[in-house]
Student: 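I am attaching a structure below and will ask some questions about it afterwards.
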Amino acid sequence: MLDLQLLRKEIDPVVARLKARGFDFPMNDFQALEAARKSVQTRTEELQATRNSASKRIGQAKAKGENVEAIMAEVAGLGDELKASEVKLAQIQEQMAALLLDVPNTPHESVPPGKSADDNLEVRRWGTPRAFDFAVKDHLDVGAAVAGLDFEAAAKLSGARFAVLRGGVARLHRALAAFMLDTQTQKHGYLEHYTPYLVNAETLQGTGQLPKFKDDLFSVKKGGAGADEAELYLIPTSEVSLTNLVRGDILEAKQLPMRLTAHTPCFRSEAGSYGKDTRGFIRQHQFDKVEMVQIAHPDTSYQALEEMVGHAEAILQALELPYRVLLLCTGDMGFGAAKTYDLEVWLPAQNTYREISSCSNCESFQARRMQTRYRDEKGKPQLVHTLNGSGLAVGRTLVAVLENYQNADASVTIPQALQPYMGGLTRIAAA
RNA sequence: GGAGACAUGGCCGAGUGGUCGAAGGCACUCCCCUGCUAAGGGAGCAUACGCCUUAAAAGCGUAUCGAGGGUUCGAAUCCCUCUGUCUCCGCCA
């Protein structure tokens, strides 16, 4: 959510920044609501002040045993107008809040302008794609060859976009998650968390998934719950649960930065992505991710973003998977982000790089929704900055390992860094 | 699932219809005193928003005592609903 004060004072530059990311700010609606708000709020508070002072005088008069009928008569007619005015003000404020909740974050000045993924800026590459002297299989075929990836079984259980992992591949998946979590906690100073996978609507509003992206979420109800009962939502990423841990808190400056991590499943209905990546393990309704979240001081949040990208890169480097780093353009960023780097890993079967991590600084966008603040030197509460990044997406890392480490004999070599997590195993044999 | 108790400011805790945004204590900040890492005295110390203002401050006003609704001229205080916490019983991994 953007700063309402800023919109009141300097709306034009803000609107221009939003335009850069392809968002048309509803200027007319905003100004109409602002004008209505101003007059109704002033009138409401005026009426409230009249009532309050009269009530106070009634109290004082009664204490002295004086007759209060004259004062009562003063406020007798007030009730209806006050009530109507309060209701109207509440409506206006609700509409304003709804309008603001649908407005994305403004891009940081260092973000390149652009309309789509084509305009993203490649920042650097790491590693050299391996030269294969045999026909490269994609991860589905590699997975099938070691009897480790079964989409038909998953379809029977749940439908499309689910997978069953088996044997060495299932273990590899677990090893990857454990390796990532250990790296982020032991080398990069993140505090490990285990969090709920089901969260309420306020939580999702805090990080920006609601109200605008309801269709991308899965929701559940308690057995026997009525239609009107509150739903819980399956988290689309543990960014949601980790970031909201500090919702409503006023932190001490010395607590910052907080570095939080968790390994959780993520659930996405991917409502807008039908037809994309329908084959394989790339785009699933359920996938695991190790998430990094930082609650940072505004002065150092961009430095923290660069570090966080490094924390994600460290995983790919340890696994010796070639990748590149992209700086997303204004038009390709997520709703709450002010600046985003994507990491893309090399997938030889697709002969291209595919997204495996996304690291964003949301500045105060989420903090304002969550009312998460810290106390500055003067003791005044100020909004924190929040950052999140994948460190990494476990499922896609599994895909990258299967493809990059496949052998001519249909076995899969286990990256050295993972071997301790696989009981010393060095390869997954063909079935 | 059943029975009961509770929810107040950074923390503890008083407050059952009226000068209550809220006593007192702790913590914190400033000042004074004290020749010493102690004690004492004084003052300050919630958040958000509106109006005013070039801006800030000051000032004035509004809202907030778990959340939402209701009664009333007036609600932390009374009524209803919800959420959460604690204790006991049941069930359960």
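Numbers restart at 1 for each chain; the letters A, B, ... are given by sequence-line order, proteins then strands.
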Student: So A:A54, base contact, sugar-phosphate only, or nothing? Heavy-atom distance under 4.0 Å.
Tutor: nothing
Student: For A:R57, answer base if it contacts any base atom (sugar-phosphate contacts may also be present), sugar-phosphate if it contacts only those atoms, and nothing otherwise; contact means non-hydrogen atoms under 4.0 Å.
Tutor: nothing
Student: From NZ of A:K83 over to C1' of B:U72, roughly how many Å is that when rounded to an integer?
Tutor: 11 Å
Student: Measure the distance from CD on A:Q371 to C1' on B:U47 and round it to the nearest whole Å.
Tutor: 9 Å
Student: Atom CE of A:M72 to atom P of B:G17: distance rounded to whole Å?
Tutor: 18 Å
Student: Return the value, rounded to whole Å, for the distance between atom CZ of A:R51 and atom C1' of B:A63.
Tutor: 10 Å
Student: Please give, in whole Å, the distance from B:U72 C1' to A:L78 CG?
Tutor: 14 Å
Student: Do A:K56 and B:G18 have a side chain to base donor-acceptor pair shorter than 3.5 Å?
Tutor: no
Student: For B:C49 and A:Q5 - does any side-chain N or O of the residue sit under 4.0 Å from the phosphate oxygens OP1/OP2?
Tutor: yes
Student: Are any side-chain N or O atoms of A:H139 and backbone N or O atoms of A:F281, one a donor and one an acceptor, separated by less than 3.5 Å?
Tutor: yes
Student: Just to confirm, is there a sub-4.0 Å distance from OP1 or OP2 of B:A63 to any side-chain nitrogen or oxygen of A:N52?
Tutor: yes
Student: Backbone N or O of A:S110 within a donor-acceptor pair of the A:H108 side chain at under 3.5 Å?
Tutor: yes
Student: At 4.0 Å (heavy atoms only), tell me whether A:Q60 reaches a base, stays on the sugar-phosphate, or touches nothing.
Tutor: base
Student: Identify whether any heavy atom of A:K64 sits under 4.0 Å from a base atom; if not, whether one sits that close to sugar-phosphate; answer base, sugar-phosphate or nothing.
Tutor: nothing
Student: Rounded to the Å, how far apart are A:L47 CG and B:G61 P?
Tutor: 16 Å
Student: Is it true that a side-chain atom of A:S357 and a backbone atom of A:S390 form a donor plus acceptor pair closer than 3.5 Å?
Tutor: yes
Student: Could you identify the nucleotide paired to B:G35, looking across every strand shown and requiring Watson-Crick or G-U wobble geometry with both distances under 3.5 Å?
Tutor: none
Student: Mapping A:P381 and A:A49 to their closest nucleotides on RNA chain B, which lands nearer the 5' end?
Tutor: A:P381
Student: Figure out the CD1/P separation between A:I250 and B:A48, and round it to whole Å.
Tutor: 8 Å
Student: Donor-acceptor pair, A:T243 side chain versus A:V240 backbone, under 3.5 Å?
Tutor: no
Student: Below 4.0 angstrom, N of the basic side chain to O of the carboxylate: do A:D277 and A:R354 qualify?
Tutor: yes
Student: Hey, does A:R43 reach any base, or is it just sugar-phosphate, or nothing, if we go heavy atoms under 4.0 Å?
Tutor: nothing
Student: Atom CD of A:E45 and atom C1' of B:G59: how far apart are they, to the nearest Å?
Tutor: 15 Å
Student: Tell me the partner of B:U64, counting only Watson-Crick (N1-N3 plus N6-O4 or O6-N4) or G-U wobble (N1-O2 and O6-N3) with both under 3.5 Å; none if nothing fits.
Tutor: B:A46
Student: Is any side-chain nitrogen or oxygen of A:R373 closer than 4.0 Å to OP1 or OP2 of B:G10?
Tutor: no
Student: Would you mind pulling out the nucleotide paired to B:U85, Watson-Crick or G-U wobble, both distances under 3.5 Å?
Tutor: B:A5
Student: Give me the one residue out of A:E94, A:R43, A:Q41, A:E45 that meets side chain to side chain contact (heavy atoms under 4.5 Å, CB included) with A:L89.
Tutor: A:Q41
Student: Under 4.0 Å between a side-chain N or O of A:K380 and OP1 or OP2 of B:U47?
Tutor: yes
